[in-house]
Amino acid sequence: MITLKSSHEIELMRQAGKITAAARAFAGEMVRPGVTTQEIDSAVEHFIRKQGAVPSFLHYNGYPASACISVNDEIIHGIPGKRVLQDGDIVSIDVGAYIGGFHGDCAATFACGQISPEAQDLIDVTRQSFFEGIKFAKEGHRLFDISAAIQTYVESHGYSIVREYVGHGVGAQMHESPEIPNYGHPGRGPRLLRGMTLAIEPMVNAGTAAIKQMPDGWTVRTLDGKWAAHYENTVLITDGEPEILTVPVI
Ligand code: MF3
Ligand code: CO
């Protein structure tokens with residue numbers, strides 16, 4: 001069942017979304033050579049709690065941190081630790097904040113120092129694919145119209161869509177119905193209705209789509225070792241233009 005949020009619930013989700021997006025921007029500003037991923041995670045946790053919210057990811061299915069920080073060939077769910085960021089790395093940071101009974105969920109890939117033009121293009125195409133997708137995030141369309149637009153844009157740039165992980169509804173629960181694949185056929189999937197709140201999150205590999213799961217039980221990497229990028233926002237469906245609840249400052 002896909003929940004439809006009331007106007008009061010939407011107002012609460014705006015608040016959660018603002019804090020989550022601010023946490024993402026704050027995390028992104030910390031990305032520089034010499035910093036460890038656990039330093040970023042601790043600062044993000046402090047930032048979220050200072051706003052009166054709770055980190056959504058901490059202890060979720062046993063996840064041990066507040067942010068997912070995935071570097072270079074890590075796609076998603078990287079566990080923050082002692083890894084020191086290097087000049088030229090690309091750093092995907094995913095954060096969630098829970099306040100007033102609702103979650104915000106968003107992610108972006110950041111450049112550490114000076115990155116290659118190829119890495120920048122991967123980041124740019126991944127981010128733009130989200131915006132191509134949400135052109136269809138309104139009443140009158142079906143869910144996989146979004147999926148298909150993301151897939152078409154990404155593949156037309158020679159990159160691959162990760163299949164095993166997908167976007168999702170978000171609200172009182174971090175993961176709600178429906179699943180939102182970043183690939184699919186236009187004209188299919190559930191009809192979009194005002195009041196749906198969706199976390200749309202393309203995960204894009206520079207090489208092949210194949211992934212491998214790391215022994216830590218969380219980190220997901222590309223199988224071929226080529227790099228990957230991630231971009232996510234929490235989006236409200238309306239009868240007109242979609243409203244991005246995790247208001248992007250990047
Ligand atoms: N933001 C991730 C998602 O959209 C959730 C991270 S998994 C967690 O699915 F366990 F770290 F929370
Ligand atoms: Co998500």
Side-chain angles (χ1 to χ4, degrees), residues 2-3 13 16-17 19-28 37-38 40-42 44-45 47-49 53-71 74-81 91-99 102-110 126-127 129-130 133-134 137 143 146-147 150 161-183 196-204 211 213-221 228-237 242 244-248 250:
I2 304 177
T3 60
M13 286 200 66
I19 292 169
T20 313
R24 169 178 57 185
F26 172 80
T37 54
Q38 81 192 0
I40 298 175
D41 181 68
S42 307
V44 164
E45 177 174 4
F47 181 94
I48 290 171
R49 293 194 190 279
V54 174
S56 301
F57 300 176
L58 189 61
H59 308 316
Y60 180 85
N61 290 340
Y63 187 73
S66 297
C68 298
I69 306 185
S70 311
V71 183
E74 297 171 348
I75 309 166
I76 49 166
H77 298 173
I79 301 175
V91 185
S92 297
I93 302 182
D94 192 341
V95 294
Y98 180 73
I99 186 169
F102 291 89
H103 294 274
D105 187 4
C106 66
T109 302
F110 298 93
T126 303
R127 182 179 185 281
S129 74
F130 166 87
I134 66 164
L143 185 66
I146 300 172
S147 311
I150 292 171
I161 293 286
V162 171
R163 307 272 169 154
E164 292 83 351
Y165 294 86
V166 296
H168 50 93
V170 56
Q173 308 295 325
M174 185 165 64
H175 291 135
E176 299 186 351
S177 208
E179 291 194 347
I180 309 174
N182 296 300
Y183 56 90
M196 289 180 178
T197 45
L198 307 176
I200 298 169
E201 49 177 322
M203 290 151 269
V204 176
I211 64 163
Q213 188 78 53
M214 291 295 100
D216 65 17
W218 285 100
T219 311
V220 179
R221 286 178 183 270
H230 186 199
Y231 189 75
E232 175 182 27
N233 282 304
T234 299
V235 174
L236 170 69
I237 303 298
I244 300 180
L245 299 177
T246 47
V247 186
I250 78 122

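For ligands, and for the atoms within them, numbers begin at 1 and follow the listed sequence.
Applying the side-chain hydrogen bond (donor to acceptor under 3.5 Å, both in side chains) criterion to Y63, with sequence neighbours excluded, gives no partner residue.
Separation of atoms NE2 (H103) and OG1 (T246) is listed at 14.5 Å; rounding is to 0.5 Å. Taken to the nearest 0.5 Å, the CE atom of M13 stands 5.5 Å off from the CG atom of L245. To the nearest 0.5 Å, atoms CD1 (I211) and CD1 (I75) are separated by 6.0 Å. Between atom CD1 of residue I146 and atom CD1 of residue I180 there is a gap of 6.5 Å, rounded to the nearest 0.5 Å.
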Between the protein and ligand 1, are there any N or O atom pairs that come within less than 3.5 Å of each other, and if so, what are their names and distances?
{"from": "ligand 1", "atom 1": "1 (N)", "to": "D94", "atom 2": "OD1", "distance (Å)": "3.0"}
{"from": "ligand 1", "atom 1": "1 (N)", "to": "D94", "atom 2": "OD2", "distance (Å)": "2.8"}
{"from": "ligand 1", "atom 1": "1 (N)", "to": "D105", "atom 2": "OD1", "distance (Å)": "3.0"}
{"from": "ligand 1", "atom 1": "1 (N)", "to": "D105", "atom 2": "OD2", "distance (Å)": "3.3"}
{"from": "ligand 1", "atom 1": "4 (O)", "to": "D105", "atom 2": "OD2", "distance (Å)": "3.0"}
{"from": "ligand 1", "atom 1": "4 (O)", "to": "H168", "atom 2": "NE2", "distance (Å)": "2.8"}
{"from": "ligand 1", "atom 1": "4 (O)", "to": "E201", "atom 2": "OE2", "distance (Å)": "2.7"}
{"from": "ligand 1", "atom 1": "9 (O)", "to": "H175", "atom 2": "NE2", "distance (Å)": "2.6"}

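Tally of protein N, O or S atoms closer to the Co ion (ligand 2) than 2.8 Å: 4.
Panel note: side chain T37, backbone G81; a donor-acceptor pair is recorded below 3.5 Å.
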Less than 3.5 Å apart, which donor and acceptor atoms pair up between the side chains of residues 168-176 and the rest of the protein, not counting sequence neighbours?
{"from": "H168", "atom 1": "ND1", "to": "M174", "atom 2": "O", "distance (Å)": "3.0"}
{"from": "H168", "atom 1": "NE2", "to": "D105", "atom 2": "OD2", "distance (Å)": "3.0"}
{"from": "H168", "atom 1": "NE2", "to": "E201", "atom 2": "OE2", "distance (Å)": "3.1"}
{"from": "H175", "atom 1": "ND1", "to": "Y60", "atom 2": "OH", "distance (Å)": "2.6"}
{"from": "E176", "atom 1": "OE1", "to": "T3", "atom 2": "OG1", "distance (Å)": "3.0"}
{"from": "E176", "atom 1": "OE1", "to": "K5", "atom 2": "NZ", "distance (Å)": "2.8"}
{"from": "E176", "atom 1": "OE2", "to": "A172", "atom 2": "N", "distance (Å)": "3.0"}
{"from": "E176", "atom 1": "OE2", "to": "Q173", "atom 2": "N", "distance (Å)": "3.0"}

Evaluate L143 against L198 for side-chain contact (heavy atoms from CB on, under 4.5 Å), listing each step before the verdict. CA-CA 10 Å; L143 185 66; L198 307 176; 4.1 Å; yes

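More than 12 heavy atoms of other shown residues, nucleotides or ligands fall within 6.0 angstrom of atom CD in Q213.
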